[in-house]
Amino acid sequence: MPLEIIVEYDKAAMLCTLHEQIKQMETAVEEAANSSSRRSKWQFMGARDAGSKEELRLVYGVSERTESDGAANLIQKLRAINYALGELGQWCAYKVAHSFLTALQNDERANYQLDVKFQESYLKKVVALLQCQLSEGAAVSEKDTGMDLDINNNHTIDEIEEGELPNSHAVSGGEHVDVIIGAAVADGKVTPKVQALIKILLKYQQTEDFRAIIFVERVVAALVLPKVFADLPSLSFIKCASLIGHNNNQEMRTCQMQDTIAKFRDGRVNLLVATSVAEEGLDIRQCNVVIRFDLAKTVLAYIQSRGRARKPGSDYILMLERGNLSHETFLRNARNSEETLRKEAIERTDLSHLKGTSKLTLTEALPTSVYQVQSTGAIVSLNSAVGLIHFYCSQLPSDRYSILRPEFIMERHERPAVSTEYSCKLQLPCNAPFEKLEGPVCSSMRLAQQAVCLAACKKLHEMGAFTDMLLPDKGNREEGDKIEQKDGGDPLPGTARHREFYPEGVGEILRGDWILCGRDDCHSSKIFQLYMYSVKCANSGVSKDPFLTQVSEFAVLFGNELDAEVLSISMDLFVARTMITKASLVFRGPISITETQLVSLKSFHVRLMSIVLDVDVDPMTTPWDPSKAYLFVPVVGGKCLDALKEIDWGLIENIIETDAWSNPLQRARPDVYLGTNERTLGGDRREYGFGKLRHGLATGPKVHPTYGIRGAVAQFDIVKASGLVPKRDAMECLDVDWTRGILMMADSCIDVKDLIGRVVTAVHSGKRFYVDSVRYEMNAENSFPRKEGYLGPLEYSSYADYYRQKYGVELIYKKQPLIRGRGVSYCKNLLSPRFEHSEAEGEFDGNLDKTYYVFLPPELCLVHPLPGALVRGAQRLPSIMRRVESMLLAVQLKDMINYPVPAAKILEALTAASCQETFCYERAELLGDAYLKWVVSRYLFLKYPQKHEGQLTRMRQQMVSNMVLYQYALNKELQSYIQADRFSPSRWAAPGVLPVFDEDSKESEATLFSNDESTAVVIEPQSDFYDDCVENAREDGELESDSSCYRVLSSKTLADVVEALIGVYYVEGGKNAANHLMNWIGIQVESDPQEMEYVKPYNIPESVMRSVDFDSLEGALNVKFKDRGLLLEAITHASRPSSGVSCYQRLEFVGDAVLDHLITRHLFFTYTDLPPGRLTDLRAAAVNNENFARVAVKHKLHLHLRHGSSALETQIRDFVKDVQDELSKPGFNSFGLGDCKAPKVLGDIVESIAGAIFLDNDRDTSVVWKVFQPLLHPMVTPDTLPMHPVRELQERCQQQAEGLEYKATRAGNLATVEVFIDGVQIGIAQNPQKKMAQKLAARNALVVLKEKEKEKEKEKEKASKIEAENGDKKNGVQVFTRQTLNDICLRRQWPMPQYRCINEGGPAHAKRFVYSVRVNTTDRGWTDECIGEPMPSVKKAKDSAAVLLLELLNRCYPETK
């Protein structure tokens, strides 16, 4: 028992002035509310205080408001402030008032509801009142310190943080606390009671493992005191939290309470300030201090709160007001009452009346009147045993049809000359570990009942139904306690939101120290043995683009020989919309190279990949990582006996020895060198592009904004100043004959034949292009083309004028033919299908093969040392090696698991859907999840025959939960093998070429060679335009690449991979392979078959067996049972009196798992090409209680159900009638999505019968499937799969950007659900069950929406016919949007329309936007402002306004029609 300590404190001085002013405000609030002319409005706005934060949801002890007590709520807030002022002090009262005010100011309704404004006005007065007094009092106590806190220094509320002490009261150290707090007490800032509490806590500053609970009476104190402690530096050793009861939001509050208790238990919080909610049932063994800040109101509370101090040597501190007679009297009476209660309890547990025993003394009676667990000290006595048995029965699994409670049968024992004696027989519910127990003979019926219950408690503990704390075992095993809970707010392990950083794995076979050799001081005599693998590519499909087939061939050099499985894979590279390249590695043999050759190969590799990956590195200085050792080398066509001779050494030497690499424009990132990078310059296209320029074109041509206006230096000036381009005189080109096939490039002359197919670098922009052809019919003096669809005036008169205005370049060779080129795109991810056809593409097939070309003056181009075919071939290598590296990891994992399964399938199990490749683990995960659930369920069912269904379910959850699987994955380091991110070449590290992580490394969703989403083919000349289009087209197709260089995985992904591996091994090797994988992971579910043998727990009376028509039931199932007792158990509900028969709950547990596994397996192997999401929907439709219940009715299994509930009988009868109506419809099968809700019992007996068949046939699942396949017919198929109306409506609203909202109400036994879309009621339905009402309401809403869509289609067709006559159609599609309005403004040379947001409001899930639009016409000035309808998106709101303005313009300008 803890040591009881009394601490006295002085009575607090009354702050009469402050109390009186706050009470006057209470009176003023009542008068204002009563006299308000808007009383009804006021009462309506007094609804729930949604602005309160979590901490203030209970508003410091104030109950939640109703629609008519808004004023009362404010009054109670004022009273709470007044309470804090009197009991805790002025400073605490200020903190309470400031918290109330902050909550109101954060309320979303504060801007438009009078109720909030009214409360806010009064709370501001209270805060100002307390704040002024706080500053005034501080000035008095700090004169000696020289700190001036004059009340007239214009301090505002915001200058002092919430809960912050002014500088005058900052606690600087423990030795000064008494002085500082004493001054605060003298000023009335804190009360002597708070001062005494702080002193108590300071005494425990050096206590090891300090853990304390402070009990307070009011919620306001529980929430304010932690703020007080947090602001005192001398109490920094305290980590405090509040523990208060729940009010209206019980579920949330309970969750928060449990989280707070968990933190207190493990030490993250060492002080709880709690209300009476913590007085009973809180068992924290580390708690060593309990403080009663407010004295208990009852003797029970006094005793129970003391019991929270569990640790030996604990202190129980009572705080009493000095001289308060009521406090002293209560304490004296409580102590006396406790002693009386203790004596009474001892007398009640006297066993002297038991048969055969004499009158026992007190010390002799105690050991035999209780049952104690030695390991924990938990005790159950005769007096508490009956209640414990009742509590145990209430915790057994049950439904609303069965009330589980113990039954007692008394038996009288009468003998002559002896007083009557009694014995009691206890009968537990049928799902308890045992059913009957007979107790000893006692002198009274009460003692007989207590004695048999005490014996039952002992037996239940011995059988494992009670924990060592003598509480019902809920199935929480030790494994589930190993994982600690995270801090509040942090996502738990095993969830998708829990993400961590992991290193990316690299196959061990790629490691090679040979890659580090070949420095400057190399010795040519050293020989390296490498293995050469050629990259074989075969094109599938046809394309009009010749560049797709004009690619160089490559080989890869490794230091080790690769596994044969890596060579067997063929990967699809999606190079174009109409062509797929199948790539694979072919072993060419071992080769021996000298160190000198190795230096050349490494230099070539770095030069090539630096251009392909756009990373500027130098071969002499770049770092090499031995964990990733391989090289790319070019090969010549044809095969040689000596693989070394296949390497194109001549090309290698030409590339590495050229002087072109000294020019920074020829290396990677020339745009960065020139400063032409779009983001570096601030976004030329976004700020000053085509759309921006046309606003001012009507007033005359202007200089392009990229030159001069922004103060930027022209890029070509940088090139000329750096000497990268030789200076030429215009006189040199007077007599040049350009038809001879020689072109003047930026730094040299070149023959046209040698230029075709090469790569050139534009010196004015740093961009690179493939040379397609030389256009002799065009030169720089040709007129500059318009952009397609642009009808405004020309901005540039010629190509020469364009380059002069935009880049400041004065061309010299203006008569020289132009080069037609195509942009060299960034390296793409070719593993993802990027060219999916949609239904809408049929109208625009002509644009699929569209390619944009640019026309460049040769004198602005440098010929790049890398051939175009070499670059195009090398751009495929990152995607190929990504797949090879992934396969090597899969092979490595396969070797670790040590079971023959194809590595390609393991790779599938390691690849997440987020990779966006042609395979992922989701299908295998679905199968693995079902198999894992089945195996674990079977194991638990057989291993724990005494556990009930609730315990088994919780134990299974702890074995197969994502949190546990995540830990298994970490233990086996699976995070290094998982492929979870979409491949981004810009983030890929090639040997010797590490990626540069910046915002400019972007990956375009274009073809391999073009910056447009199309394959390359020559288009009409009018579609060719200047080189800005390449940049613009690339930006339109850009997708954000990985956001960081780190590998981030969610813990759910790791858990999913474990299930996917189980599924893959099950598919490839059956249950033996899957069990092997599970054992390797750490899931131990296999035991000795003899130990796992199922034993029937009871002997069933023959009378019960004869009461069941087994022949009829077995006929319906088409199976004969060997042990009909299993079938009897499978149809017995818990509401049925036991009679020696268990209920079906345990069989349902195992039957649910076996049916889930069998149906999932059937769907998996039947629909092999079905996408994972669709397969999941099929499984959900086939494996659900609603579907099983209809199967039971269809085969009349419900007629054999044994139960004892009239309510269940009525519900089954009604459901059978509804199902018969469903089945009468031809071809109708709802698969559980019908209009009637099934009793869960009917679905349960289908699952329990499956469990009984499984056990009766020696645990053979094939027999179960043979029986159930015809029972489940017709099974759901992709064609017959219905979509749940709620989901269908949700998806439709998401696609249409419409706000969807459900509102549910209940009147008596009837639930009403209304469906609102964009704030308008669309559907409504009523049903006794809320979920069914929601489903029916969603279905009704869908009917209404589909009818409206039909009406809109008719109106659209009618409008299309009218507009077709007027010829106002575009691309065959009617346009009533902003684009139509923009086109009109462009044709008439008006400025672009001006849009303005009129209103934006509504809740976050259903926002509404209202926009207006007007246009400034050249002849009539500004039009009227047209205001559109409220819409769920900005685009739709602008379109709505644009439609009205179009109608106005059609009336004012009829010729615009």
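Just so it is clear, the values below take in all heavy atoms, side chains as well, and ignore hydrogens, waters and symmetry mates. Sequence positions, counted from 1, serve as the residue numbers for this chain.
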Keeping [X] on the side-chain end and [Y] on the backbone end, is there a donor-acceptor pair under 3.5 Å?
{"X": "Ser236", "Y": "Leu232", "answer": "no"}
{"X": "Asp294", "Y": "Val216", "answer": "no"}
{"X": "Gln90", "Y": "Leu130", "answer": "yes"}
{"X": "Lys239", "Y": "Phe264", "answer": "no"}
{"X": "Asn288", "Y": "Arg211", "answer": "yes"}
{"X": "Asp1318", "Y": "Gly1299", "answer": "yes"}
{"X": "Asp10", "Y": "Pro192", "answer": "no"}
{"X": "Thr298", "Y": "Ala301", "answer": "yes"}
{"X": "Arg79", "Y": "Glu26", "answer": "no"}
{"X": "His327", "Y": "Leu320", "answer": "no"}

query: Between Tyr204 and Asp315, do the side chains contain an N or O donor and an N or O acceptor separated by less than 3.5 Å?
result: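 Short answer, yes.
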message: Can a side-chain donor-acceptor contact be found between Thr191 and Tyr9 if the only test is distance below 3.5 angstrom?
response: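 No, no side-chain donor-acceptor pair sits under 3.5 Å.
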query: Do His19 and Asn82 pass the side-chain contact (heavy atoms from CB on, under 4.5 Å) test, and can you show the C-alpha distance, the side-chain angles, and the key distance before you say yes or no?
result: CA-CA 6 Å; His19 282 293; Asn82 225 346; 2.5 Å; yes
How about [X] and [Y]: do any of their side-chain heavy atoms sit closer than 4.5 Å?
{"X": "Leu331", "Y": "Glu4", "value": "yes"}
{"X": "Lys193", "Y": "Glu87", "value": "yes"}
{"X": "Ile5", "Y": "Tyr316", "value": "no"}
{"X": "Met25", "Y": "Val126", "value": "yes"}

